[in-house]
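A note on names: the letters A, B, ... follow the listed sequences, proteins ahead of strands, and every chain is numbered from 1.
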Amino acid sequence: MTGEIIYQNCGLVIQDTMLDKHPEWRAFTPEQRESCKRMGLPLSFSRHDKGLSTSIFVTRDAYGRMLRSSEHYKMLRLRRLNIRTKLHRSAERNLFQAMNVLNRLCEKLKIPRGLHESAAFIYRKALGKGLVRGRNIAGIATASLYLALRRANVPRTLNEIVDVSPRSRKEISRLYRLLIFEFNYKTPIDDPVQYVSKIATKAGISQKAQMRAIEILQKVRRLQISVGKGPRGLSATALYIACFELNEKTSQKRLAEAAGVSSVTIRNLYKSLIRDVELKFVKIQI
DNA sequence: TAAGATAAGAGGGACAT
DNA sequence: ATGTCAGTCTTATCTTA
């Protein structure tokens, strides 16, 4: 008993309504979140008619008599319209909420218009594919935004996105992976080079050192030792090495903060990069 | 003060059960 | 589906130059 609506004639399933076990409704504070943990269906959106939906039956009238065939077809048409508008409204409500969430996120993150649009497009696709049902709208919206950024090669981190989202990091990364899987998206590999100028600007590092860091990263990539390493950690480390080579003053701490990684990460990467890469070209350079 | 060392824990991928 | 394993990264604390 899952609540499908089925054509009596041919058995075609028109609409199957699944139970939604997750908290619905927006909540931005813990107190709100508590009050939103509900025990039933979301009355306002998934079942906006509170379960008392109009059903139009097509073979008999109110007294149980068979209808004439002209009446029969008229009722069929009405029934179809009734179902369609219901679906329509539900999708619209969903989108309305999702777009609200997305607007807030994009405003906080200063996301340009175009990316905002592609995030919205991704959300619509997810909704159309039925991926939102049973899941949290804000979660999918956030994941859509992150996916749009990744596909556009915009160096924004998941943490930056999560910080302004009402949902947890865990949930968003799970949903992000879901979207990748469902849409068969090949997102470009997160290239450390992308982060160089962002990190360097934040840490106040010269163009010259940036160029050098990019060279280092390209060698690292060619040697295929960057797999499994965090791109921001690599980027910050390359900048650190570059500064070191050029006698430019900086510190692990400053770079670590600018890159959003820990200084320990820089230290460890620094050691392994020196071991695996530097020895091969440090002689040529210095 | 910056950098290094070390330890404990979290989260996620690969792989087997 | 669940557990284990290796590897990465984080936080915290202590030591060293």
Side-chain angles (χ1 to χ4, degrees), chain A residues 18-19 21-22 30 131 134-136 138-140 142-147 149-151 155-196 198-206 209 212-213 216-217 219-279 282 286:
Chain A
M18 311 273 290
L19 288 178
K21 289 184 289 234
H22 298 277
L131 297 178
R135 299 195 175 88
N136 182 279
I140 302 269
T142 311
S144 301
L145 176 59
Y146 182 56
L147 179 56
L149 294 174
R150 287 296 301 272
R151 286 182 64 80
R156 292 296 198 112
T157 67
L158 179 58
N159 282 336
E160 286 177 82
I161 315 295
V162 169
D163 281 345
V164 296
S165 171
R167 311 300 298 178
S168 72
R169 182 200 160 91
K170 196 174 170 182
E171 179 184 10
I172 291 166
S173 54
R174 189 164 39 87
L175 293 175
Y176 169 70
R177 286 191 296 272
L178 175 82
L179 293 181
I180 297 273
F181 174 76
E182 290 290 339
F183 293 145
N184 245 323
Y185 275 162
K186 303 271 182 292
T187 49
I189 296 175
D190 216 0
D191 187 355
V193 172
Q194 287 172 7
Y195 291 97
V196 168
K198 189 182 176 189
I199 296 171
T201 306
K202 238 189 238 179
I205 286 168
S206 73
R212 179 66 189 131
I216 293 172
L217 288 174
K219 294 192 191 205
V220 168
R221 182 166 45 188
R222 230 171 292 138
L223 292 170
Q224 303 223 323
I225 50 178
S226 52
V227 281
K229 310 267 205 303
R232 277 159 299 117
L234 278 173
S235 187
T237 306
L239 280 165
Y240 182 70
I241 294 174
C243 286
F244 197 78
E245 285 180 1
L246 299 170
N247 278 322
E248 191 167 317
K249 188 188 160 334
T250 185
S251 79
Q252 294 178 357
K253 187 161 172 272
R254 200 140 54 113
L255 279 166
E257 270 168 20
V261 299
S262 80
S263 57
V264 179
T265 300
I266 293 188
R267 272 196 286 283
N268 292 336
L269 286 174
Y270 171 66
K271 272 189 291 188
S272 67
L273 252 56
I274 292 290
R275 178 163 38 81
D276 296 339
V277 192
E278 288 295 278
L279 288 181
V282 88
I286 296 178

Could you give the [atom1]-to-[atom2] distance, from [X] to [N], as a whole number of Å?
{"X": "A:I172", "N": "B:dG12", "atom1": "CD1", "atom2": "C1'", "answer": "16 Å"}
{"X": "A:K229", "N": "B:dG13", "atom1": "NZ", "atom2": "P", "answer": "17 Å"}
{"X": "A:R275", "N": "B:dG4", "atom1": "CZ", "atom2": "P", "answer": "15 Å"}
{"X": "A:N268", "N": "B:dA8", "atom1": "CG", "atom2": "P", "answer": "16 Å"}
{"X": "A:L255", "N": "B:dA3", "atom1": "CG", "atom2": "P", "answer": "9 Å"}
{"X": "A:L234", "N": "C:dT8", "atom1": "CG", "atom2": "P", "answer": "11 Å"}
{"X": "A:I266", "N": "C:dC9", "atom1": "CD1", "atom2": "C1'", "answer": "12 Å"}
{"X": "A:F181", "N": "B:dG12", "atom1": "CZ", "atom2": "P", "answer": "18 Å"}

> Should we say atom CZ of A:F244 is surrounded by more than 12 heavy atoms from elsewhere, each under 6.0 Å from it?
Replying inline: no

Tell me which nucleotide among [options] gets nearest to the side chain of [X].
{"X": "A:R267", "options": "C:dC9, B:dA5, C:dT11", "result": "B:dA5"}
{"X": "A:R177", "options": "C:dC9, B:dG4, B:dG12", "result": "B:dG12"}
{"X": "A:Q252", "options": "C:dT8, B:dG4, C:dT10", "result": "B:dG4"}
{"X": "A:K170", "options": "B:dG12, C:dC9, B:dA3", "result": "B:dG12"}
{"X": "A:Y240", "options": "C:dT11, B:dA3, C:dC9", "result": "B:dA3"}

> Between CZ of A:R151 and CG of A:L147, what distance do you get to the nearest 0.5 Å?
Replying inline: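 These two atoms lie 6.5 Å from each other.
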
Please classify the nucleic acid contact of [X] as base, sugar-phosphate, or nothing, using heavy-atom distances under 4.0 Å.
{"X": "A:S173", "value": "sugar-phosphate"}
{"X": "A:R169", "value": "nothing"}
{"X": "A:S251", "value": "sugar-phosphate"}
{"X": "A:K249", "value": "nothing"}

> Mind checking whether A:Y176 and A:R150 have side chains closer than 4.5 Å, heavy atoms only?
Replying inline: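 Answer yes - side chains close enough.
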
> Quick one: does A:V261's side chain get under 4.5 Å of A:T237's, heavy atoms only?
Replying inline: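 Counting from C-beta outward, A:V261 and A:T237 never come under 4.5 Å.
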
>> Quick check: on DNA chain B, is the nucleotide nearest A:Y270 upstream (toward 5') of the one nearest A:R174, or the reverse? Name the residue that is more 5'.
In response: A:Y270

> Do A:K198 and A:E160 sit within salt-bridge range, that is, some charged N less than 4.0 Å from a carboxylate O?
Replying inline: yes

